[in-house]
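One structure below.
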Amino acid sequence: MKEIVRVAGGQGFWGDSLDAPRQQVEGGPIDYLMLDYLAEVTMSILQKQKSRDPSLGYARDFVGAVESVMPAILERGVRVVANAGGVNPRACAAAIRAIVPEGSRAAKLRIGVVTGDDLLERLDDLINSGHPLANMETGEALSTIRDRVLSANAYIGSTPIVEALERGANVVITGRSTDTALTMAPLRYAFGWGAEDWDRLAAGIVAGHIIECGAQCSGGNSLCDWRTIPDLANVGYPIAEASPDGSFVITKHKGTGGRVSVPTVTEQLVYEMGDPREYITPDVVADFTTIRLESDGPDRVRVSGIRGRPATDSLKVSIAYAAGFKAVGTLVYSWPEALDKAQAADQILRERIDRLGLKFDQILTEFVGASATHGRLALPVGSDTPDYPEVQLRIGVRGPKRADVERFAREIAPLVLNGPPSVTGFAGGRPKVEDIVAYWPALIDKQVVTTQVEIV
Amino acid sequence: MKIPLLQIAHARSGDKGDTANVGLIALRPEWYPLMERHVTRDAVARHFGGEIDGPVVRFELPNLNALNFLLHGALDGGGTLSLKTDAQGKVFSTALLRMTLDVSDEEARVAGIAADGSKP
C-alpha cells in the first residue's frame, strides 16, 4: 500500500481555468486528478442539450482537459476522476475515446463510466410508488410542478467510483456524484478503507470539501491578508497529500502563486456550510467541529482528527424545473447627483411597468456603487449623500409570462433619450430574457437507486 | 470601547438555496472567545435586520476559531431565481464584517487588543 496518495484538484466548476488540469499534472508528482464540472442547475442545461442531440449532455470542456493531460494518464499512471458525464456519461466516454487514436496507446486507456444517478425517466414510477420527492425547504410534493421538471439526479457517493478504480479505470466519468466523493473515492480505493470506516471516510470528505473549489483554498478569494498573496496570475491549485490513517496535508506545487495557510484553508472549510457537526454525504456524516488544522511549513497545512458518523438512509436528489423568466437591465448615471438620477430613472421605469400593465413576481432595483452588495448597511450615516462619480442603476424583473419580461427589456434603452441626464453604459444593448431554471432539492430512499459501472 | 469586527476577524460566505452562510474566523485564536461572546445570533440578526427575510442561526467551530451563521431568506430566492447582484451570497461576508463590537476596556486588554483600535 502506498504511504502517501496525492489527489490534485484541477477544476472547481465548469468555466474554471482551462490550464489548471495540465498545470496540476506538469507541476509535480500527483496520483489522481479530480475535476468538478457540475453546479446545481448544470444538469438541466445538459438535459436540454441531450434532448436536441442524443450524443450530447456532458461537459464538453472535459474533453480538452483530458487531452491536455493524456501523456500523464498513459505514461505516468495519473488517474482522472470527474463528474463531467452530466446526463450522458456514456457519450462523454465516447468523446474521450475518440481523442486517442487506435494503437497501443489506445489500449492503455480504460474509461470507467458510472451511471444510475439519472432519475428523470423514473420520476412518475417513483412518485406513484410512494416517493413524493418533497421540496426539502418548502415541503411541497414534486407533483405540484411535475410538468415543469427538466432534470432529476440522485447525488451518488464514492462506492461506484471505487469499483471503477478497482476494475482498472484510469479515467472515471460520473454523472451527479457528490463533489466530495470525487476526492474521497481515490483515497478510499488506494488505502482500502471499508464502507463503515466512518472516521477515515469523513476525512476523505473533508479533503474533498477543501479542494473542490480549486484555488479558493490556495489563495483565491482569500480575505485574510489578501494584498500579500503572491502571483495570483499563476495561482497553484490545491493538492491533498493523504495518509492511510485519514490525515492529510493541503499544499500546492512549488513555483506556483497563491498561498496555502491555516486562514486560507479555514475560509474554504466554512464555505457553503450548514450545521458543521452534520455534513451529510451518501457515504458518511462528517463532523467539521473535529477538524484540527496546523501549519506544516510554507504552503502546507496539516489536517487531522476528523471524526465521522454512519451515513443516512437517504440520498439527496437534485431536480431542476422551469420557473418562469427574468431579465436585468442596467444604465450608468454620472456625477453630479449620480444616485439621485439613478433613483429617478428607477421611478420612471416602475411607472412604465404599471402603465403597461406588466405583471411580475418580483421587481428588484439596486444601485451598484452605492448599496448593491450591502444594502442599507452601506448607506452613510447622516444626511449627506456621497458625491459618487457614477452609479449603475440595475433593475431586474421575474415572472411567469415571457412576453411581459420581454416588454420590460425594451423599456431600458428609451431612457437614454427620455430619462434623467448624464446617462451612459448602455452599449451592451437590450437585456436578454432568460429562462429561469430553478433548483428543487429532495430526498429519496437509498434502496431505490442502483448505480452501474462499465469499463469502456 | 468600539472595535470593528473587521479588525479581529476574516470571513467567507456562500449559499444554500435562499440562505446565505457566513463563516466568521478570528484572525488570532486568542480573539475567538471575545468574538464568540459578542457576535451572538441576536446581534447578527439586529445587524442584518430588514436586509434578510428569515431567521439567523449560529453554529460554533471552536476547533477552527470560527462561527458559522445561516442567514435565511437572504438571497431573493437564491441561485437562478434571484435578481440580486449578490445572488449567491458571496459578499455577505464583508457585510457581516461591518459590525462594530462594544467591548469593555478590560476585555480588550485581556484579549490583547490595543486601546486605540490598532492591531498590536
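In this text the structure is predicted, and so the values were computed from the model without any measurement. Chain letters run A, B, ... following the sequence lines, proteins first, then strands; residues in each count from 1.
- Heavy atoms closer than 4.5 Å to chain B are found in the side chain of A:Leu269, but not in its backbone.
- Both the backbone and the side chain of A:Glu272 come within contact range of chain B, with heavy atoms under 4.5 Å apart.
- Between the OH atom in A:Tyr279 and the OG1 atom in A:Thr289 there is a gap of 14.5 Å [rounded to 0.5 Å].
- Between A:Ile211 and the options A:Val206, A:Ile250, A:Asp179, a side chain to side chain contact (heavy atoms under 4.5 Å, CB included) holds for only A:Ile250.
- Heavy atoms of B:Ser93 lying under 4.5 Å from chain A are absent altogether.
- Residues B:His38 and B:Glu107 bring a donor and an acceptor atom of their side chains to less than 3.5 Å of each other.
- Heavy-atom distances place both the backbone and the side chain of A:Gln362 under 4.5 Å from chain B.
- Counting heavy-atom pairs closer than 4.5 Å to chain B, the top residue among A:Arg292, A:Arg376, A:Gln268, A:Met136 is A:Arg376.
- Counting heavy-atom pairs closer than 4.5 Å to chain A, the top-ranked of the candidates B:Gly50, B:Gly89, B:Ala9, B:Ala11 is B:Ala11.
- Aromatic ring centroids of A:Phe288 and A:His209 lie under 6.0 Å apart.
- Under the 3.5 Å distance criterion, with hydrogens and angles disregarded, a donor-acceptor pair is assigned to the side chains of A:Thr228 and A:Arg259.
- In this structure, a donor-acceptor pair under 3.5 Å is absent between the side chains of A:Ser295 and A:Arg302.
- Contact of A:Thr365 with chain B is not made at all, since no heavy-atom distance falls under 4.5 Å.
- Ranked by heavy-atom pairs under 4.5 Å with chain B, the first of A:Pro441, A:Ala372, A:Ala438, A:Pro276 is A:Pro276.
- Contacts between A:Val262 and chain B at a heavy-atom distance below 4.5 Å are absent for every atom of the residue.
- For B:Lys90, the part sitting under 4.5 Å from any heavy atom of chain A is the side chain, from C-beta outward, and nothing else.
- Both the backbone and the side chain of A:Asn221 come within contact range of chain B, with heavy atoms under 4.5 Å apart.
- The distance from atom CG of B:Leu75 to atom NZ of B:Lys16, rounded to the nearest 0.5 Å, is 12.5 Å.
- With hydrogens and angles disregarded, a donor-acceptor distance shorter than 3.5 Å links the side chain of A:Trp440 to the backbone of A:Leu133.
- Both the backbone and the side chain of A:Ala378 come within less than 4.5 Å of a heavy atom of chain B.
- Comparing A:Glu434, A:Arg277, A:Gln216 by heavy-atom pairs within less than 4.5 Å of chain B, the highest count is held by A:Gln216.
- Across B:Val91, B:Asp86, B:Asp76, the residue that shares the most heavy-atom pairs under 4.5 angstrom with chain A is B:Asp76.
- Note that NZ of B:Lys2 is 9.5 Å distant from CG of B:Leu101, once rounded to the nearest 0.5 Å.
- Proximity to chain A (any heavy atom under 4.5 Å) is shown, for B:Leu81, by both the backbone and the side chain.
- Against chain A, the residues from residues 66-74 of chain B that qualify, each with a non-hydrogen atom under 4.5 angstrom away, are B:Ala66, B:Asn68, B:Leu70 in number order.
- For A:Arg398, the parts lying near chain B are the backbone and the side chain together; criterion is any non-hydrogen pair under 4.5 Å.
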